[in-house]
Amino acid sequence: MSEILERLNKINSRISEEAFLTNKGLSNEVGIHVFCYDPADEIVVRTYFDQLKGNTDAAYRIIECDLYKIFLQICEEKRILNSIPRMEETKGSDFLRSKLENVATPEAFVEKMKYEPHEKGDILLITGVGKVYPFMRSHKILDNIQHIFSDVPVLMLYPGKFDGQDLDLFGKFLDGHYYRAFNLI
């Protein structure tokens with residue numbers, strides 16, 4: 001069995017644990033977890049989590065927030081989505097990134113991620129990290145959700161590496177420093 005399948009097969013039992021679902025045993029830290037994987041395994045990971053989301057008999061309920069879909073929604077609401085290609089062509093990529101970072105702020109992302117009420121067994125699943133880079137950095141999202149989702153575990157799917165200190169997107173880009181998260185597996 002491949003390494004990714006071995007790691008994926010451990011997830012269901014891990015996220016079903018009462019301690020995981022209630023954020024117990026984390027030294028008073030917010031329950032933020034990262035599942036790292038090789039970007040080449042994206043389809044396998046996505047398929048696995050789609051199956052978990054469809055499991056109605058589970059002890060948990062997965063609430064997915066795809067950062068790329070949120071990004072598109074923010075751009076649509078600001079009425080800039082259709083002008084992005086033209087803006088990049090005429091003003092350049094650096095200008096575009098600067099403008100989009102001002103519109104699609106971490107706070108705007110988190111506002112779209114909020115839901116109420118948080119129920120026992122909820123798990124906030126953050127996806128789309130690689131699709132939204134470089135317009136949004138994952139460590140900025142994690143910094144901004146700590147106080148809002150302190151009562152439910154957060155699980156970020158991360159196409160790269162996390163060593164407990166640094167998030168390394170695609171094994172190529174230092175995405176940022178974040179030390180409050182735990183590796184899921």
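Predicted model, so just to flag it, every value in this text is computed and none were measured.
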**For F20, ring pair (Phe, Tyr, Trp, His ring centres under 6.0 Å) partners two or more places apart** = H33
**Asked** With side chains defined as the heavy atoms from C-beta onward, is the minimum distance between D163 and D168 less than 4.5 Å?
**Response** no
**Message:** Tell me whether F170 at atom CZ has more than 12 heavy atoms from other residues, nucleotides or ligands lying less than 6.0 Å away.
**Reply:** yes
**Request:** May I ask you to test the V132-V129 pair for a side-chain heavy-atom distance under 4.5 Å?
**Result:** no
**Item:** Shortest non-hydrogen contact from S93 toward E88
**Value:** OG-OE2, 2.8 Å
**Prompt:** Where the side chain of N55 meets the backbone of Q51, is there a donor-acceptor pair that is under 3.5 Å apart?
**Reply:** no
**Message:** Please give me the minimum heavy-atom distance between L21 and A59, naming the atom from each residue.
**Reply:** CD1-O, 3.7 Å
**Request:** Calculate, to the nearest 0.5 Å, the distance between atoms CG and CD1 belonging to L155 and I63 respectively.
**Result:** 13.0 Å
**Request:** For the pair E18 and K120, evaluate salt bridge (charged side-chain N to carboxylate O under 4.0 Å, His left out) and give the outcome as yes or no after the intermediate values.
**Result:** CA-CA 10 Å; E18 184 68 20; K120 184 179 189 264; 3.4 Å; yes
**Prompt:** For the atom pair OG (S150) and NE2 (H118), what is the distance rounded to the nearest 0.5 Å?
**Reply:** 8.5 Å
**Prompt:** Between I11 and F49, is any pair of side-chain heavy atoms under 4.5 Å apart?
**Reply:** yes
**Request:** Grab the two heavy atoms, one from C36 and one from G160, that are nearest each other, plus how far apart they are.
**Result:** CB-O, 3.2 Å
**Gap between atom NE2 of H139 and atom CE of M156 - 0.5 Å precision** = 10.5 Å
**Asked** With sequence neighbours left out, what residues match F35 under ring pair (Phe, Tyr, Trp, His ring centres under 6.0 Å)?
**Response** none
**salt bridge (charged side-chain N to carboxylate O under 4.0 Å, His left out) partners of E111, counting only residues at least two apart** = K114
**Prompt:** Which atom names give the shortest non-hydrogen contact between P134 and R137, and what distance separates them?
**Reply:** O-CD, 4.2 Å
**Asked** What residues form a ring pair (Phe, Tyr, Trp, His ring centres under 6.0 Å) with Y48, not counting sequence neighbours?
**Response** none
**Asked** Are F71 and L100 close enough, and set up right, to give a side chain to side chain contact (heavy atoms under 4.5 Å, CB included), and what steps lead you there?
**Response** CA-CA 9 Å; F71 176 73; L100 290 175; 3.8 Å; yes
Give every donor-acceptor pair under 3.5 Å between a side-chain atom in residues 37-45 and any protein atom, sequence neighbours left out.
from: Y37; atom 1: OH; to: E42; atom 2: OE1; distance (Å): 2.6
from: D38; atom 1: OD1; to: A40; atom 2: N; distance (Å): 2.8
from: E42; atom 1: OE2; to: R46; atom 2: NH2; distance (Å): 3.4

**Prompt:** When you check the gap from the basic side-chain N to the acidic O, do D94 and R97 get nearer than 4.0 Å?
**Reply:** yes
**Message:** Listing request: all salt bridge (charged side-chain N to carboxylate O under 4.0 Å, His left out) pairs with a residue in residues 60-84, at least two apart in sequence or in separate chains.
**Reply:** K53-E64, R61-D122, D66-K131, E77-K112
**Item:** Closest approach of C65 to L124 (non-hydrogen atoms, all atoms of both residues)
**Value:** SG-CD1, 3.6 Å
**Prompt:** For the atom pair CD1 (I80) and CE (M87), what is the distance rounded to the nearest 0.5 Å?
**Reply:** 5.5 Å
**Prompt:** What distance do L52 atom CG and N12 atom CG have between them, rounded to the nearest 0.5 Å?
**Reply:** 5.5 Å
**Distance, nearest 0.5 Å, that separates CD1 of I32 from CD1 of I141** = 11.0 Å
**Item:** Close side-chain approach of S138 to L169, heavy-atom, < 4.5 Å
**Value:** no
**Request:** Would you kindly say whether Y158 and N183 are connected by a side-chain donor-acceptor distance under 3.5 Å?
**Result:** no
**Prompt:** Given the rule in the side chain to side chain contact (heavy atoms under 4.5 Å, CB included) test, do Y68 and F135 qualify, once you have shown the distances and angles that lead to the verdict?
**Reply:** CA-CA 10 Å; Y68 186 68; F135 304 112; over 6 Å; no
**Asked** How about E89: does its CD atom have over 12 heavy atoms from other parts shown lying under 6.0 Å from it?
**Response** no
